[in-house]
Amino acid sequence: MRIGKLIALSMASLTLQLGAQVAEHPPMGWNSWDSYGLTVTETQFRANAEVEARVLKPYGWTYAVIDEGWFLENPQDRPTPDKLRYALDAYGRYVPVTDRFPSAGSGGERSFAALGQWVHAQGLKFGIHIVRGIPRESVRRNLPVEGSAFHAQDVADTSDACPWDPTNWGIRDDAAGQAWYDALFRQYASWGVDLIKVDCIGDHPYKVSEIRMIRRAIDRAGRPMVLSLSPGPMNLEHAEEVGQLAQMWRISDDIWDYWTNDKSWPESVKSQFARAAAWAGYAKPGNWPDADMLPVGELRPNPGFGPPRRTRLTHDEQRTQLALWSMARSPLILGANLTLLDPWTKQLLRSRSVVRIDQTATASRQVAQEDGVIAWTADLPGGEKALAVFNTGDAPVRIEKAFSAYGLGDGAWQAEDAWTEKSLGRRTSVKQLVPPHGCLVWMLRR
């Protein structure tokens with residue numbers, strides 16, 4: 001029994017070490033969902049990745065992720081699932097639709113290998129989205145599972161469908177289910193996938209048995225991949241367990257471009273303050289509680305929710321979102337159409353000091369909350385501190401507080417505005433007007 005416990009502890013330690021190697025810092029990049037929904041094409045994906053590589057990569061943005069629907073021949077028919085047509089290989093695994101991703105057919109068998117190589121050649125990392133489980137169409141045809149004696153009907157749990165997705169059945173927690181995930185992640189490793197976003201697994205429902213199978217499959221596939229779990233809200237009681245299995249997990253349901261939202265879905269920027277504070281202590285190398293995507297800039301031509309539009313968030317609200325995510329050390333995943341970046345949005349995403357908080361802080365926490373004013377501090381290397389003060393109210397607020405009120409001691413600090421990178425001189429306090437839904441972010445050095 002003692003030997004078994006030691007082995008289990010060693011495996012858990014190894015998993016954590018591997019996680020730290022895969023995601024030593026919060027992943028940063030771009031995802032197709034907020035601008036293209038189910039419909040993104042290779043031409044559109046490449047165009048956004050080229051902008052990311054040229055304009056944003058020097059500031060830390062490195063992942064390029066194709067979200068849901070890359071295997072659908074007719075994604076426009078998603079509201080009527082009986083009409084959907086799927087691209088599958090001989091082993092029942094989804095493959096890219098060549099009409100939308102022409103390079104997928106260049107190597108004989110349809111795959112993302114050529115596109116993955118192209119992404120890597122841009123100096124970026126390649127990611128894709130899947131929904132947990134096995135394609136219903138593969139089960140209907142009872143296709144064989146690659147590398148095993150099992151067939152799709154051995155794998156599927158037809159009583160366990162994702163509540164909101166019509167494409168897949170759940171997986172049995174047995175050798176057949178593991179063989180399916182092993183085959184799936186061998187496929188993704190051959191495509192050069194660096195990040196895999198698995199949906200309908202983090203909450204409603206939380207499927208820890210499938211997360212464990214996926215973790216084993218990734219480790220066996222021989223290629224490091226960031227495992228991102230969606231949707232949320234992940235329950236805090238699962239923090240230790242999920243931290244041993246994944247690098248990212250959503251702390252809320254889907255967030256869109258609302259400051260507040262009276263409806264239960266989607267989530268708003270303001271609703272993330274409490275969640276970010278609750279999860280801040282769990283952020284560490286290899287483990288990054290994920291506050292979801294940044295719906296900034298232009299969300300068009302076919303966003304995953306709502307009509308094509310300019311983000312509803314004001315400039316102050318967009319700054320607040322980026323600052324809160326950075327102070328909480330959340331992954332930073334953009335939803336904007338990067339081919340339509342305007343100068344203001346480009347400047348926001350190239351806020352070097354704010355992004356540096358997200359990428360290099362060793363700890364962070366909420367330190368004050370009063371009358372809609374919320375303050376966070378973060379510890380950076382070399383004794384540097386970051387201070388963010390957010391005005392979540394609807395009227396301007398004059399902040400006049402000594403640094404000691406934020407746990408920063410009584411001495412003076414050399415202050416710098418993180419947005420402008422301009423020196424504010426030596427100070428012992430904050431004296432500044434903060435606009436409604438806005439924030440200040442200062443870098444502090446002794």
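Scope of the values below: all heavy atoms of this structure, side chains included, with no hydrogens, waters or symmetry mates.
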Checking [Y] against [X]: is there a side-chain donor and acceptor pair closer than 3.5 Å?
X	Y	answer
H437	N391	no
R365	T377	yes
H25	D358	no
E298	S35	no
N74	Y86	no
Q244	E241	no

Ion pair check, [X] and [Y], cut-off under 4.0 Å:
X	Y	value
D290	R250	no
D160	R132	yes
D316	R319	yes
E42	R46	yes
D182	R216	no
R186	E146	yes
D342	K346	no
K270	E317	no
D194	R223	yes

Of all heavy-atom pairs between [X] and [Y], which one has the smallest distance, and what is that distance?
X	Y	answer
E210	G170	OE2-CA, 4.2 Å
F390	C439	CD2-CB, 3.5 Å
R100	P75	NH1-CG, 3.9 Å

Where do Y282 and N287 land on the side chain to side chain contact (heavy atoms under 4.5 Å, CB included) test, with the steps shown first?
-> CA-CA 7 Å; Y282 296 95; N287 280 180; over 6 Å; no
Is the shortest heavy-atom distance from the side chain of [X] to the side chain of [Y] under 4.5 Å?
X	Y	answer
Q321	V296	yes
S330	W288	no
L433	V397	no
F71	F101	no
L332	S326	yes

Report yes or no: is the cationic atom of R220 (NZ for Lys, CZ for Arg) closer than 6.0 Å to the six-membered ring centre of F185, at no more than 45° off its axis?
-> no
Picking from W256, Y36, W33, what satisfies ring-ring contact (aromatic ring centres under 6.0 Å, His included) with F305?
-> W256
Stepwise side chain to side chain contact (heavy atoms under 4.5 Å, CB included) check, L338 with L56 = CA-CA 10 Å; L338 301 184; L56 300 179; 4.1 Å; yes
Distance (rounded to the nearest 0.5 Å) between I251 CD1 and D203 CG = 12.5 Å
Between W191 and Y188, what is the ring plane arrangement, given parallel below 30°, perpendicular above 60°, and tilted in between?
-> tilted
Relative to each other, are the rings of F45 and F126 parallel, tilted or perpendicular (30° and 60° limits)?
-> perpendicular
Any chance you could lay out the salt bridge (Lys or Arg N to Asp or Glu O under 4.0 Å) test for D67 and K197, step after step, and finish with the verdict?
-> CA-CA 8 Å; D67 209 274; K197 177 182 174 182; 3.0 Å; yes
Test item: E416 side-chain N/O and M443 main-chain N/O as donor-acceptor pair under 3.5 Å | no
